[in-house]
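This report refers to the structure that appears directly beneath it.
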Amino acid sequence: MSKVCLVTGGSRGIGAACIKEFAKNGYNVVINYVNDDLSANLLKTEIENNYKVKALIIKADVANEIEVKNMVEKVINTFGSIDILVNNAGIAIDTTLEDKTKENFRKILDTNLIGTFLVSREVAKYMLNKKSGSIINVSSTNGIDTNYPESLDYDASKAGVISLTKNLAKAYHPYIRVNSVAPGWVMTDMNKELDKDFIKNEESKILLGRFADPSEIAKVIYFVGVEASYINGSIIRVDGGENV
C-alpha cells in the first residue's frame with residue numbers, strides 16, 4: 001500500500017512543489033488549501049495524470065480546530081494512515097510598524113504557528129498509534145536572523161515554529177521525527193510581484209545570487225522527511241548562502 005503525505009497550504013508555491021515531489025516518489029498526496037479552488041483542482045489533475053498515485057484535495061483552514069480535526073479524519077478514512085505531514089500553510093501581511101493591527105498580528109499567528117500546532121497534534125495521534133511518522137514544519141530564515149520590521153509578525157510566527165518543532169520532537173520521540181526546514185527567499189508567485197530593485201538587492205546578499213525555485217525547497221523537505229532517518233529536532237536552513 002502506498003504511503004501518504006499531507007501538505008497544508010499545498011495548492012501553490014512550496015506546498016505544490018512538495019505535492020509533486022512526494023507524488024513523484026510514489027506517495028498518495030493530500031492537498032490542503034483554504035482559498036484557491038482552481039489551483040487545488042488543477043494540481044490534483046496534474047498529479048493523477050502524471051503519477052501512479054491518488055490525490056485528495058481538502059479545503060480547510062488550519063487555524064480552525066474543527067476543520068483540522070475533520071480534515072485529518074477524512075484523510076484517515078480515505079487512505080488509512082498519514083506517514084508524512086508537511087506543515088506549509090502560512091500567510092504574511094507586510095505593513096509599516098505603525099499600520100500593524102492586533103487583528104492582523106493574531107491572524108498570522110493563528111495560521112502560521114497555532115495552525116502548525118493543531119495539525120501536528122491531530123496527525124500525531126495516528127502516527128503515535130502506529131509508532132511511525134515524520135513531521136516537517138516549514139519555518140523561514142525570517143524566524144532566525146533575516147528580520148524585517150515590515151514582517152515582524154510573520155518573523156515572530158516563524159521563530160515560534162522553530163521552538164514548536166524542538167518541543168514536538170521531544171514530546172513525540174522516539175516514534176515521530178519532527179524537523180523544520182527554514183527557506184530563505186523563494187521565487188513564489190507572491191515574491192515575483194516584489195519590486196525589481198528590491199529583488200536585485202536581496203539577491204546580492206545570497207552567495208548563489210538568486211532566489212530558490214520552490215522545487216529546490218521541496219527536495220530538501222522530502223530528504224528530511226523520508227531519507228534522513230537520523231535527523232530529529234533540527235532546523236535545516238536552505239537559503240543559498242545568505243548572511244554567511
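Taken to the nearest 0.5 Å, the CH2 atom of W185 stands 7.0 Å off from the CG atom of N142. Taking CG of N191 as the reference point, atom CZ of F198 lies at 8.5 Å (rounded to 0.5 Å). Taken from CD in E48 to CG in N50, the straight-line distance is 11.0 Å, to the nearest 0.5 Å. For the atom pair NZ (K3) and CD1 (I84), the distance works out to 7.0 Å, reported to the nearest 0.5 Å. We find the OG-CG distance between S139 and L164 to be 10.0 Å, quoted to the nearest 0.5 Å. Atoms CZ and OG, on R177 and S229 in that order, are 6.5 Å from each other to the nearest 0.5 Å.
A salt bridge links E202 with K205; the closest basic N to acidic carboxylate O contact falls under 4.0 Å. A salt bridge is defined here as a Lys NZ or Arg NE, NH1 or NH2 lying under 4.0 Å from an Asp or Glu carboxylate O, and R237 with E242 fails to meet this definition. Ion pairing between K192 and D189 holds under the 4.0 Å rule for side-chain N and carboxylate O. A salt bridge does not link K107 to D153: none of the charged nitrogens lies less than 4.0 Å from a carboxylate oxygen.
Nearest heavy-atom pair across I136 and G225 is CD1-CA, 3.5 Å. Listed here is the closest heavy atom pair of S151 and D94: OG-OD1, 2.9 Å. For V72 against I82, the heavy-atom pair with the smallest separation is CG1-CD1, 4.1 Å. For the residue pair L85 and M127, the shortest heavy atom distance occurs at N-CE, 4.0 Å. The heavy-atom pair separating A40 from I57 by the smallest distance is O-CG2, 3.7 Å. Minimum heavy-atom separation, G90 to T111: CA-CG2, 4.1 Å.
Between the side chain of S163 and the backbone N or O of G160, no donor-acceptor pair lies under 3.5 Å. With hydrogens and angles disregarded, a donor-acceptor distance shorter than 3.5 Å links the side chain of T8 to the backbone of A89. No side-chain donor-acceptor contact under 3.5 Å links N179 to the backbone of I135. At distances below 3.5 Å, not a single donor-acceptor pair connects side-chain atoms of K200 with backbone N or O atoms of D195. Side chain of N112 to backbone of K158: no donor-acceptor contact under 3.5 angstrom is found. Side chain of D110 to backbone of G115: no donor-acceptor contact under 3.5 angstrom is found.
Applying the side-chain hydrogen bond (donor to acceptor under 3.5 Å, both in side chains) definition to pairs two or more places apart or across chains, those involving residues 56-74 are E65-R121. Counting only residues at least two apart or on different chains, the ring pair (Phe, Tyr, Trp, His ring centres under 6.0 Å) pairs with a member in residues 14-58 are F22-Y27, F22-Y222.
Residue I235 is not grouped with residue I231 when hydrophobic side chains (ILVMFWY) are merged at heavy-atom distances under 4.5 angstrom, including chains of intermediate members. L207 and V238 are assigned to two separate hydrophobic clusters, defined by single-linkage of ILVMFWY side chains at heavy-atom distances under 4.5 Å. At a threshold of 4.5 Å between side-chain heavy atoms, the hydrophobic network of Ile, Leu, Val, Met, Phe, Trp and Tyr places V138 and V68 in two separate groups. I217 and V86 fall within a single hydrophobic cluster, where Ile, Leu, Val, Met, Phe, Trp and Tyr are joined by side-chain heavy atoms under 4.5 Å apart, directly or via other members. Both V4 and L56 belong to a single network of hydrophobic side chains, linked directly or stepwise wherever heavy atoms of I, L, V, M, F, W or Y lie under 4.5 Å apart.
Side-chain contact between I93 and I108 is present, with heavy atoms from C-beta onward closer than 4.5 Å. The shortest side-chain heavy-atom distance between D239 and I206 does not fall under the 4.5 Å cut-off. Residues S134 and V226 are not in side-chain contact: their nearest non-hydrogen atoms beyond the backbone lie 4.5 Å or more apart. Between I221 and E21 there is no side-chain heavy-atom pair separated by less than 4.5 Å. Counting heavy atoms from C-beta on, the side chains of L43 and K20 come closer than 4.5 Å. N137 is listed as a side-chain neighbour of S120, based on a closest heavy-atom distance under 4.5 Å. With contacts defined as side-chain heavy-atom distances shorter than 4.5 Å, the pair L42/E46 does not qualify. A heavy-atom distance below 4.5 Å is found between the side chains of L152 and F105.
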- Task: Test side-chain contact (heavy atoms from CB on, under 4.5 Å) on K166 and I162 and set out the steps.
- Result: CA-CA 7 Å; K166 295 177 179 180; I162 288 173; 4.2 Å; yes
- Between I176 and L128, does a side-chain contact (heavy atoms from CB on, under 4.5 Å) hold up when you go through it step by step? CA-CA 7 Å; I176 305 174; L128 289 171; 3.7 Å; yes
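Under 3.5 Å, the side chains of T141 and T146 contain a donor-acceptor pair of N or O atoms.
The environment of NZ in K100 is crowded: more than 12 heavy-atom neighbours from other residues, nucleotides or ligands sit within 6.0 Å. Residue-environment remark: NZ (K170) stays at or below the threshold of 12 foreign heavy atoms within 6.0 Å. The number of heavy-atom neighbours closer than 6.0 Å to CG of L97, taken from other residues, nucleotides and ligands shown, is above 12.
Partner of I19 under the side chain to side chain contact (heavy atoms under 4.5 Å, CB included) criterion, chosen from I47, N32, V30, I14: I47. With respect to I58, the side chain to side chain contact (heavy atoms under 4.5 Å, CB included) criterion is satisfied by exactly one of I31, V75, T78, L6: V75.
Scanning for ring pair (Phe, Tyr, Trp, His ring centres under 6.0 Å) contacts around Y230 gives an empty result, with sequence neighbours left out.
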